[in-house]
Amino acid sequence: MEWPACVDEYEKLVTRMNTPRVVIDNAVCPTATLVTVDSARRRGILLEAVQVLIDLNLSIKKAYISSDGRWFMDVFHVTDQDGNKLTDESVISYIEQSMGTIHCDRTSGYNGLTALELTGTDRVGLLSEVFAVLTDLQCNVVEAKVWTHNGRIASLIYVKDCDSGCAIEDSQKIDGIEARLRNLLKGDNDIRSAKTSVSMAVTHTERRLHQMMFADRDYERKPILKPSADSPVVMVQNWAERGYSVVNVQCKDRSKLLFDIVCTLTDMEYVVFHGTVNTAGEKAYLEFYIRHTDGTPISSEPERQRVIQCLEAAIERRGSQGVRLELVAADRQGLLADVTRTFRENGLNVTRAEISTQSDMAINFFYVTDALGNPADPKLIEAVRQRIGLSNLKVKELPLLCHQKVEREEQEVGVGGAVLLSLGSLVRRNLYNLGLIRSYS
């Protein structure tokens, strides 16, 4: 590493001390790649480490989180979306470099675009109206993510000016966009809670969506759908002797689950000191030992209930309701308005959407239900495909979690198992020293 001439030895020492050490190992576990991160403890560093992994669409099958004084160690068992170990050297190198610089400022990756933030009451056809307005205002949608939960909608849409191909900087045009979208979101019943804003710089998109829905207090609103067997179970209790609040979560396993939970705890001003993540079949079991940023545990019953509500909401927001449709087509102005209008005209409601463009191609995913939130009629889906184009719009199964590869006990792995056993013992010893477990043998 080369240092600028102006950097003195003390600054170099501080930088080296605070730079995370990352070890990626494919030999230890037969079913997953181990990513180990050692670093000086700093607020938000766990979230940033998890963010690196989920941005690569990796699945976290197990995790051990342990803070000891001013140091922390995270161990993640990760696979790709197909349940395989990581073998792509470019992916491994990216993880090493990104994890090793998580203390540095990051760019959003959306330079040259204008970000539109929208929250309001969800209704059938709302998304098609939003895209129609943007088309009318000569805004080209480049990227977008849309979430709905408990009758609310939050969307982060990245646009550029159709004429210039650049970010929209004209203040009058920005004011016009905000006004049109705000009126659209208000409708007849959402005069006070509908919100729009325009920004040139945005934090991590999915973290921002969590923040928007949290600020909109979606967790307090009555669920649209009745609780199902897959509804998350969240329990929170205090361990007074050690000054921790203990959070236990049981829910259906899915991608980005750990990120959603850690993101919410972080934005609620809690710090995770210790934790474990385990998955078995389609179930996930997570446990966290947390405190406020001021070092105190949860102090009241209303606060405990609020944590439970917020974590349940964070897990449910990304829950994939409905049929997953993939649209791949040549990008053009008005494409999204036309496609979502077709959904609306056929009584389909978009519960979640991911919009992206690559070169001149639009690659979009929509999760759709009927107007009441029930599974859409397959015949209706087929009719919509006929109108949009059978080769352009395809029905995709919901991402299936790969559980065929049953994870063996670490001690059966021979030499690699011994290494993992030693690593697990180190984590357990830290927990034992803090009184979090009774034995680490």
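Note that the coordinates shown come from a computational prediction; the quantities given were computed from them, not determined experimentally. The figures that follow rest on heavy atoms only: side chains count, while hydrogens, waters and symmetry mates do not.
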Taking the side chain as C-beta and beyond, is there a heavy-atom pair between Thr276 and Leu286 under 4.5 Å? no
Restricting to side chain to side chain contact (heavy atoms under 4.5 Å, CB included), what partner residues turn up for Gln172, sequence neighbours left out? Asp170
CG (Leu335) and OG1 (Thr135) are apart, to the nearest 0.5 Å, by 9.0 Å
Using ring pair (Phe, Tyr, Trp, His ring centres under 6.0 Å) as the criterion, list what pairs up with Phe259, not counting sequence neighbours. His204
Carboxylate-amine/guanidinium contact Asp260 Arg318, below 4.0 Å: yes
Nearest heavy-atom approach of Cys162 to Asn140 is SG-N, 3.6 Å
Between Glu301 and Gln305, do the side chains contain an N or O donor and an N or O acceptor separated by less than 3.5 Å? yes
Please list, chain by chain and in numerical order, all residues satisfying side chain to side chain contact (heavy atoms under 4.5 Å, CB included) with Pro232, sequence neighbours excluded. Cys251, Glu312, Ile315, Glu316
Check the side chains of His210 and Asp267 for a donor-acceptor pair under 3.5 angstrom, ignoring hydrogens and angles. no
Can you check whether Ile157 reaches Glu143 side chain to side chain, under 4.5 Å on heavy atoms? no
Is any side-chain heavy atom of Leu56 closer than 4.5 Å to one of Tyr94? yes
What pairs of residues pass the ring pair (Phe, Tyr, Trp, His ring centres under 6.0 Å) test when at least one of them lies in residues 113-142, not counting sequence neighbours? none
To the nearest 0.5 Å, what is the distance between CD (Glu326) and CZ (Phe365)? 4.0 Å
Side chain to side chain contact (heavy atoms under 4.5 Å, CB included) involving Leu380 - partner list, sequence neighbours excluded: Asn346, Leu348, Asp377
Return the minimal non-hydrogen interatomic distance between Thr369 and Ala376, and the atom names on each side. C-CB, 4.2 Å
Closest heavy-atom pair and its distance - Phe72, Ser67: CB-OG, 3.6 Å
Any side-chain heavy atom of Arg324 within less than 4.5 Å of one from Val395? no
Closest contact, heavy atoms only, Asn57 versus Gln81: O-CG, 3.2 Å
Mark yes when over 12 heavy atoms from residues, nucleotides or ligands other than Arg21 sit less than 6.0 Å from its CZ; otherwise mark no. no
Any carboxylate oxygen within less than 4.0 angstrom of a Lys/Arg side-chain nitrogen, looking at Glu220 and Arg217? yes
Correct closest heavy-atom pair for Arg385 and Lys394 would be NE-CA, 4.0 Å
Taking atom OG1 of Thr357 and atom CD1 of Ile363, what is their separation to the nearest 0.5 Å? 8.5 Å
Beyond-backbone contact of Asn349 with Val368, side-chain heavy atoms, under 4.5 angstrom: no
Within 45° cone and under 6.0 Å: Arg291 NZ/CZ vs Tyr270 ring: no
Identify, with sequence neighbours excluded, every residue that meets side-chain hydrogen bond (donor to acceptor under 3.5 Å, both in side chains) alongside Asn26. Thr33
May I ask you to decide if Cys166's main-chain N or O and Ser164's side chain share a donor-acceptor pair within less than 3.5 Å? yes
Quick one: which residue pairs count as a salt bridge (charged side-chain N to carboxylate O under 4.0 Å, His left out) with a foot in residues 87-101, not counting sequence neighbours? none
For His274 and Phe288: C-alpha separation, side-chain torsions, deciding distance, then whether ring pair (Phe, Tyr, Trp, His ring centres under 6.0 Å) applies. CA-CA 6 Å; His274 305 280; Phe288 304 97; over 10 Å; no
Flag the pair Asp216 and Lys195 as a salt bridge only when some basic side-chain nitrogen lies within less than 4.0 angstrom of an acidic carboxylate oxygen. no
If the condition is side-chain hydrogen bond (donor to acceptor under 3.5 Å, both in side chains), which residues does Ser245 pass it with, not counting sequence neighbours? Asn238
Set of ring pair (Phe, Tyr, Trp, His ring centres under 6.0 Å) partners for Phe366, sequence neighbours left out: Phe343
Sequence neighbours excluded, which residues qualify as side-chain hydrogen bond (donor to acceptor under 3.5 Å, both in side chains) partners of Lys256? Glu206
Considering only heavy atoms from C-beta outward, does the side chain of Thr264 approach that of Met268 to under 4.5 Å? yes
Going by heavy atoms in the side chains, are Val159 and Leu113 under 4.5 Å from each other? no
Tell me, do Ile95 and Leu58 make a side-chain contact under 4.5 Å, heavy atoms counted? yes
For Asn84, does its backbone N or O pair with a side-chain atom of Asp82 as donor and acceptor, under 3.5 Å? no
Compute whether any side-chain donor of one residue and acceptor of the other, for Gln211 and Arg208, lie under 3.5 angstrom apart. yes
Under 3.5 Å side-chain donor-acceptor pair for Ser128 and Arg341: no
Would you give the length of the straight line joining atom CG of Leu209 to atom CZ of Arg207, rounded to the nearest 0.5 angstrom? 12.5 Å
Qualifying residue, where the test is side-chain hydrogen bond (donor to acceptor under 3.5 Å, both in side chains) with Arg152 and the options are Thr121, Asp122, Asp218: Thr121
With sequence neighbours excluded, what pairs up with Arg332 under the side-chain hydrogen bond (donor to acceptor under 3.5 Å, both in side chains) test? Asp338
Might you point out which heavy atoms bring Leu257 and Lys252 nearest each other, and give the distance in Å? CD2-O, 4.2 Å
CG-OG distance between Leu118 and Ser155, expressed to the nearest 0.5 angstrom: 3.5 Å
Measuring from atom CG of Leu137 to atom NZ of Lys173, what distance do you get when rounded to the nearest 0.5 angstrom? 7.0 Å
In chain order, what residues pass the side chain to side chain contact (heavy atoms under 4.5 Å, CB included) check against Arg182, with sequence neighbours excluded? Glu178, Lys186, Thr196
